[in-house]
Number of protein chains: 2
Amino acid sequence: MTTRDRIVALADDLIRDRGINAFSFADISEEMGIKNASVHYYFPTKSSLCLAVIKRQQVALEEMISLAKKSAPLDRLEQYMSIYDRSKEADRVCLVGSLAPDLHTLNEDIRVALKEVAARILEWVTEILEEGRDEGVFRFGGNARSRALLIVTNMLASLQLTRLTKSEDFSIIKKSIIKDLTS
Amino acid sequence: MTTRDRIVALADDLIRDRGINAFSFADISEEMGIKNASVHYYFPTKSSLCLAVIKRQQVALEEMISLAKKSAPLDRLEQYMSIYDRSKEADRVCLVGSLAPDLHTLNEDIRVALKEVAARILEWVTEILEEGRDEGVFRFGGNARSRALLIVTNMLASLQLTRLTKSEDFSIIKKSIIKDLTS
DNA sequence: GTCTATATTCCGATAGAC
DNA sequence: GTCTATCGGAATATAGAC
């Protein structure tokens, strides 16, 4: 992994651990054994670093959507949920859920990119639900996008809320979502 | 309203607007037309101020629960949801949803208080759902607490996600929750 | 209870050598 | 591409006068 990539990966982890406004270039440079100024060589501003983190997430998301393309709807939904599994294991929240509360402190570039991510996730989940209903494996009321809104909000907030309640609550939420759809 | 109360109310608004780590004592003192040091007279540390904000929320929550006590389950659920209505109108997220992503930057006192709030909300919604099901006005699968987890995560994240998607999505989520329970 | 003044620390960012 | 050195600013917090 290049130095640049390591910086972005570390920033991603810090944002999802403590929030964008609670980490510094020093956190990154110290962890990497380089100097503050070296991080600025790659990312002149904190905003540019944050934007790179979001762009990286966009790429990863498209990759995952592509890879999952041939799977059945239920498998695809479980692959979507597995994103949050990995976050939960590390006690991280998701990127959208970390940045949305701080949105009013972020510049326009970042807001736009984040909106793209949110829209793409919703689009993907909507697609999965539609196909699942057409195939008769999912049952749910309302249209697919409304149902996707419910599921995405469940997953986003599950990482936040279960920092405060019992950890098992995360898997209760996941299982409830699947059960609601399949019974 | 006393100066102290105004400070706490302003801090609450700032936390839910931009996050705990993105506002300063200056934001509060300037808005109130007093000096930085005067805010410190009431709250020696930022942590003590944050704790006061959470305690205030606890009081407001108990008040609302008390007042709603005699209402029917569906009314009570709508009163619960109306908390988020008011936040959405002001483009604020909820307190739990603002602080949970930053939890690892907060001290133990605050974490404990925040866990109490989350537990109390869950307890209340669970109670409403149980009673509604007993009375035959709500229908849902799984136990009441699991269902409460789904609804609370829907509401918490709706404020965050709809900062990024269409504003109407907030009311779509709300209506979907009610419809799922009552049909 | 509010003020002025300031200590202290930290952070984002840049200049310029190597 | 990484370093040393540092600037400028902002933030939390405190001392002490009024």
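Chain letters run A, B, ... following the sequence lines, proteins first and then strands; every chain starts at 1. Owing to the predicted nature of the structure, the values given are computational and were not obtained by experimental measurement.
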Peer 1: Looking at B:Gln57, B:Gln58, B:Glu62, which one forms a side-chain hydrogen bond (donor to acceptor under 3.5 Å, both in side chains) with B:Arg120?
Peer 2: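 So, applying the side-chain hydrogen bond (donor to acceptor under 3.5 Å, both in side chains) to B:Arg120 and each of B:Gln57, B:Gln58, B:Glu62, only B:Glu62 qualifies.
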
Peer 1: Roughly, in whole Å, what's the span from CG in B:Asp5 to P in C:dG1?
Peer 2: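 My rounded result for the distance is 12 Å.
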
Peer 1: With sequence neighbours excluded, what pairs up with A:Glu31 under the side-chain contact (heavy atoms from CB on, under 4.5 Å) test?
Peer 2: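 Partners of A:Glu31 by the side-chain contact (heavy atoms from CB on, under 4.5 Å) criterion, ordered by chain and then number, come out as A:Leu10.
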
Peer 1: Distance to the ring centre below 6.0 angstrom and angle to the axis at most 45 degrees; does that hold for A:Lys46 and A:Phe23?
Peer 2: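 That pair qualifies as a cation-pi contact.
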
Peer 1: Can you give one letter per nucleotide of nucleotides 13-18 of chain C, going 5' to 3': B for a protein heavy atom under 4.0 Å from the base, S for sugar-phosphate only, - for none?
Peer 2: BBB---

Peer 1: Does either side chain, that of B:Asn36 or that of B:Ser29, offer a donor lying less than 3.5 Å from an acceptor on the other one?
Peer 2: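 Side chains of B:Asn36 and B:Ser29: no pair found under 3.5 Å.
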
Peer 1: Nearest-Å distance, NZ (A:Lys35) to C1' (C:dG12)?
Peer 2: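 Taking atom C1' of C:dG12 as the reference, NZ of A:Lys35 is at 17 Å.
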
Peer 1: Using the side-chain hydrogen bond (donor to acceptor under 3.5 Å, both in side chains) rule, collect all pairs that involve residues 142-151 of chain A, keeping only residues at least two apart or in two chains.
Peer 2: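 Pairs touching residues 142-151 of chain A that pass the test: A:Asn143-A:Ser146, A:Arg145-B:Asp169, A:Arg147-B:Asp180.
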
Peer 1: In whole angstrom, what separates B:Arg6's CZ from C:dG1's P?
Peer 2: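 B:Arg6 atom CZ is separated from C:dG1 atom P by 16 Å.
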
Peer 1: What integer distance in Å separates B:Glu30:CD from D:dA10:P?
Peer 2: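 Computing the B:Glu30:CD to D:dA10:P distance gives 10 Å.
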
Peer 1: Taking atom P of D:dT12 as reference, at what distance in whole Å does atom CZ of B:Phe23 sit?
Peer 2: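 Taking CZ of B:Phe23 and P of D:dT12, I get 8 Å after rounding.
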
Peer 1: Any side-chain N or O of A:Ser38 below 4.0 angstrom from OP1/OP2 of D:dC3?
Peer 2: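 Looking at the OP1 and OP2 atoms of D:dC3, one of them is under 4.0 Å from a side-chain N or O of A:Ser38.
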
Peer 1: With no hydrogens and no angle check, just 3.5 Å: does a side-chain donor-acceptor pair link A:Thr45 and A:Ser48?
Peer 2: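 Side-chain D/A pair, A:Thr45 to A:Ser48: present.
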
